[in-house]
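Numbers restart at 1 for each chain; the letters A, B, ... are given by sequence-line order, proteins then strands.
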There are 2 protein chains.
Amino acid sequence: MFSKTCEYAIRAMIFIAQKTKEGDIRIGIKDIASGIDSPEYFIAKILQELSRKGLVQSVKGPNGGFYLDHSSLQQSLADVVRAVDGDKIFEGCGLGLKQCSEKCPCPIHHDFKRIRKDLYRTLEKSKLGNFTEELDKQLLFLRR
Amino acid sequence: MFSKTCEYAIRAMIFIAQKTKEGDIRIGIKDIASGIDSPEYFIAKILQELSRKGLVQSVKGPNGGFYLDHSSLQQSLADVVRAVDGDKIFEGCGLGLKQCSEKCPCPIHHDFKRIRKDLYRTLEKSKLGNFTEELDKQLLFLRR
DNA sequence: TTAATAAAAGACAAAAATATCTTTTATTAT
DNA sequence: ATAATAAAAGATATTTTTGTCTTTTATTAA
């Protein structure tokens, strides 16, 4: 469904949200990598990119690391997906046709419209900060 | 959503269904490639594999080519997807967690269960032979 | 039986995705 | 100011996916 990059990105962002909450705590790349069970250097690259796009905040140096400010905590998983994989997953044709459209539909066009819409609305409704409590209670998991 | 391989596979199978219908007509790889606008050698490889798995029939030599027998025409898009991409798209965790489950759910586990189910049932209901008429009438398209 | 045809099989090539390592820059604590 | 820290940036490596070409095998028609 999503690329590896995107899977790691979502897990990392939710993890950072959980660990840093509202405060000005920062979490380092090693803790993130082990916390979501991802390759350290790889997730570093991904967060670098998300940081450049302003989806996550970071500071260098001692006590530095990543965190989410108040507005970033309100971002949705759809925002993360879009930043990483673009919106082809929300818009592209299920059979890879460039010119697939209402007027020129592929055989699964109408079904996919419904499924995509559900996917999109679901991700749009899920804010990064929404999972903290359940993660803390171990009702949800980000690794294994 | 699907791999390129899978996209081509679905398009090719539906195309073969349309062109060969019930009769014992066969359609060659070049016609398939141009009919669905895919790389010729690549779709050849894909159909080779599907042929090995019995999802499509073929004969070599003059007047040879690919076709779908009566039972193959009843196969669903889900069967094609499973043969090509496996069933990770129907079953795997949306965030790539190996041990994601009801007891150990990832943050999007429950939403994804619903979306996946819709996807699966939709593909399961769509039989290869179902699109022929609308393709003939140019209400559906397999290229561009 | 032979030549032509078309898929099967196998080898190879290019591109993209995934993953790792090294150097640089900014920040902080001493 | 200086040393230590941690992310940013850049370079490189590996694997997977996608795409192409060549040779072999089966089938048919002449």
Practice task
Round to the nearest Å and state the distance from B/Met1 atom CE to D/dT17 atom P.
Solution key: 18 Å
Practice task
Find out if a path of hydrophobic residues (ILVMFWY) with successive side-chain heavy-atom gaps under 4.5 Å connects A/Leu73 to A/Val59.
Solution key: no
Exercise for the section: Taking B/Arg143 for its side chain and B/Ser34 for its backbone only, find out whether a donor-acceptor pair lies under 3.5 Å. Expected result: yes
Problem - Interatomic distance where CD1 belongs to B/Ile29 and P belongs to D/dG19 [whole Å] - result: 14 Å
Problem - Outermost DNA chain C nucleotides near chain A [under 4.0 Å, heavy atoms] - result: C/dT18 to C/dA29
Handout entry: Test item: B/Gln75 side-chain N/O and B/Ser72 main-chain N/O as donor-acceptor pair under 3.5 Å
Key = yes
Exercise for the section: Tell me which of A/Tyr41 and A/Asn63 sits closer to the 5' end of DNA chain C, going by the nucleotide each one is nearest to. Expected result: A/Tyr41
Problem - A/Ser51 versus A/Gln57, side-chain donor and acceptor atoms under 3.5 Å - result: no
Practice task
Quick one: label A/Lys45 by what it contacts on the DNA or RNA (base, sugar-phosphate, nothing), any heavy atom closer than 4.0 Å.
Solution key: base
Practice task
Taking only the side-chain nitrogens and oxygens of B/Tyr8, find out if one of them lies under 4.0 Å from OP1 or OP2 of D/dG19.
Solution key: yes
Exercise for the section: Please work out if B/Leu47 contacts a base, only the sugar-phosphate, or nothing of the nucleic acid, heavy-atom cut-off 4.0 Å. Expected result: nothing
Practice task
Check the distance between D/dT18's C1' and B/Asp85's CG and give it to me in whole angstrom.
Solution key: 13 Å
Handout entry: Any donor-acceptor N/O pair, B/Asp85 side chain to B/Phe2 backbone, under 3.5 Å
Key = no
Exercise for the section: For the pair B/Asp118 and A/Arg114, find out whether any cationic side-chain nitrogen is under 4.0 Å from an anionic carboxylate oxygen. Expected result: yes
Practice task
For B/Arg52, report the nucleic acid contact type (base, sugar-phosphate, nothing); a contact means any heavy atom under 4.0 Å.
Solution key: sugar-phosphate
